[in-house]
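See below for the structure under consideration.
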Amino acid sequence: MEDLDLLQEAASEAEAAKDSRTLYEVKMKFLGRTGKVTGLLKSMKELAAEARPAFGKRVNALREALEEKFAALEEKLKRKELEEKLAGEQIDVTLPGRRAKEGALHPVTRVKDKLIDLFSGMGFEVFEGPEIENEYYNFTALNTPADHPARDMQDTFYLTEEFLLRTQTSAGQIRVMEQKKPPIKILSPGRVFRSDDDATHSPMFHQMEGLVVDKGITLCDLQGMLDEFAKKMFSETSKTRLRPSYFPFTEPSVEVDVSCAACGGKGCSLCKGTGWIEVLGAGMVNRRVLENCSVDPDVYSGFAFGMGIERIAMLKYGLGNIKLLTENDTRFLEQFKD
Ligand code: DAH
């Protein structure tokens, strides 16, 4: 009778199991290695030899019956669980989708594009020179003698005695004049490199160079064009002023200030109370530079200018630190969406 009781006990516990895990535990309780049915089989050795076959047969029958029962219940529970899982995993097509993050143009790219747009409207063409230059294009041809401080090891990244990372896009002026006869009206954007690093200087930055060479070009042409540039880049009421300066490749040379857009020229912390902000260097192309490129300075004249694109971006967007432009912090970059 013992086996019948066991069968009933196991069957009722198995039927009460609500999930396949509990069912498995019940199964182990009876059929596992230390389970009750297994225990019965093990106890067989205590019986008299003649009683063993009949006992063994009964216990085996019991085990088979239980195995069948468990298998059937297990299948039922597994199916139920699968159905529940599938029902729970249904896709809700009405949920809002996950938006992909939208990119935006980098402020340096925006300013560069704006400059190209603005100057091509005045008839300038874009010419891009190489970032690795030789010292002839970067210095010598630009009338920068060997003892000029700009050639110093401290601000120039020399690759060899002859080759260097260009320190200025002005090198492009020479390349253009070698390739093209006047009239010339080009714009040369690109990266430049100097051993310089603080809140307003970075070892790599971008410049925009401009060069105009033709018959009868004067400083007035330069100033007229710069006024137009300042109005389009900063504000309709922006003005420019030229201050005498020195660059080896221009004569006369000027530094160009734009009236401070933040205070309208009254004086504020941005313009350090002067009402003006220096934005670029420019001048009339030095006769020696024209001669170096086989352009006759008695027939042709020209002006050139060069500006730092980061500097324009900092002024335009009111940035206090040039590093913001290279840190790639998306919280900063995201603000430059149209
Ligand atoms: N190359 C100069 C610099 O890097 C900027 C510059 C000044 C460019 C005067 C010019 C120019 O073309 O005429 O500081």
Side-chain angles (χ1 to χ4, degrees), residues 112 115 119 122 124-131 133 135-145 148-152 154-157 164-178 182 184-196 200-214 217-226 229 240-258 277-290 292-293 295 297 300-312 314 322:
K112 185 182 100 178
L115 285 168
F119 283 104
M122 300 185 218
F124 283 76
E125 276 177 276
V126 173
F127 166 89
E128 286 185 56
E131 288 175 7
E133 267 298 2
E135 54 102 38
Y136 175 76
Y137 288 103
N138 197 84
F139 292 128
T140 314
L142 285 163
N143 193 36
T144 307
H148 194 278
R151 288 188 172 219
D152 205 308
Q154 279 144 29
D155 19 74
T156 307
F157 293 113
L164 46 97
L165 296 180
R166 69 174 170 196
T167 62
Q168 49 188 0
T169 44
S170 308
Q173 291 184 26
I174 308 299
R175 290 187 176 272
V176 167
M177 285 191 279
E178 279 182 354
I184 289 170
K185 211 170 181 187
I186 60 104
L187 205 56
S188 191
R191 288 190 191 94
V192 299
F193 307 83
R194 288 180 204 180
S195 184
D196 214 352
T200 52
H201 295 89
S202 150
M204 185 283 292
F205 62 102
H206 298 75
Q207 282 188 331
M208 181 67 80
E209 190 83 12
L211 173 71
V212 175
V213 182
D214 202 351
I217 298 291
T218 69
L219 202 62
C220 294
D221 297 313
L222 172 66
Q223 179 145 35
M225 187 216 67
L226 289 171
F229 148 77
T240 59
R241 102 181 156 177
L242 307 184
R243 270 183 299 110
S245 184
Y246 172 77
F247 298 102
F249 34 89
T250 42
E251 182 56 41
S253 300
V254 293
E255 248 155 74
V256 181
D257 297 339
V258 171
I277 291 180
E278 186 195 321
V279 290
L280 58 99
M284 298 305 292
V285 181
N286 193 305
R287 314 175 44 96
R288 291 217 199 136
V289 174
L290 295 174
N292 289 341
C293 303
V295 176
Y300 294 103
S301 58
F303 66 74
F305 62 89
M307 61 182 92
I309 299 183
E310 278 82 354
R311 179 160 175 78
I312 306 281
M314 288 172 79
I322 195 168

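First listed ligand is number 1; within each ligand, the first listed atom is number 1.
- For the residue pair Gln168/Gln207, the side-chain donor-acceptor check at 3.5 Å is not satisfied.
- Heavy atoms of other residues, nucleotides or ligands lying less than 6.0 angstrom from CD of Glu178 number more than 12.
- Cation-pi geometry between Arg166 and Tyr137 is not met at under 6.0 angstrom from the ring centre and within 45 degrees of the axis.
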Anything under 3.5 Å between an N or O on ligand 1 and a protein N or O? List each pair with its distance, or write none.
| residue | atom | partner | partner atom | Å |
| --- | --- | --- | --- | --- |
| ligand 1 | 1 (N) | Gln168 | OE1 | 2.8 |
| ligand 1 | 1 (N) | Ser170 | OG | 2.9 |
| ligand 1 | 4 (O) | Arg194 | NH2 | 2.7 |
| ligand 1 | 4 (O) | Gln207 | NE2 | 2.9 |
| ligand 1 | 12 (O) | Gln173 | NE2 | 3.1 |
| ligand 1 | 12 (O) | Glu209 | OE2 | 2.6 |
| ligand 1 | 12 (O) | Phe305 | N | 3.4 |
| ligand 1 | 12 (O) | Phe305 | O | 3.4 |
| ligand 1 | 13 (O) | Ala304 | O | 3.1 |

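- Side-chain contact between Pro203 and Phe193: absent, with no pair of heavy atoms (C-beta onward) separated by less than 4.5 Å.
- Between the side chains of Thr167 and Asn138, at least one donor N or O lies within less than 3.5 Å of an accepting N or O.
- Identified under the salt bridge (Lys or Arg N to Asp or Glu O under 4.0 Å) test for residues 243-254, with sequence neighbours left out: Arg243-Glu255, Arg243-Asp257, Arg243-Glu278.
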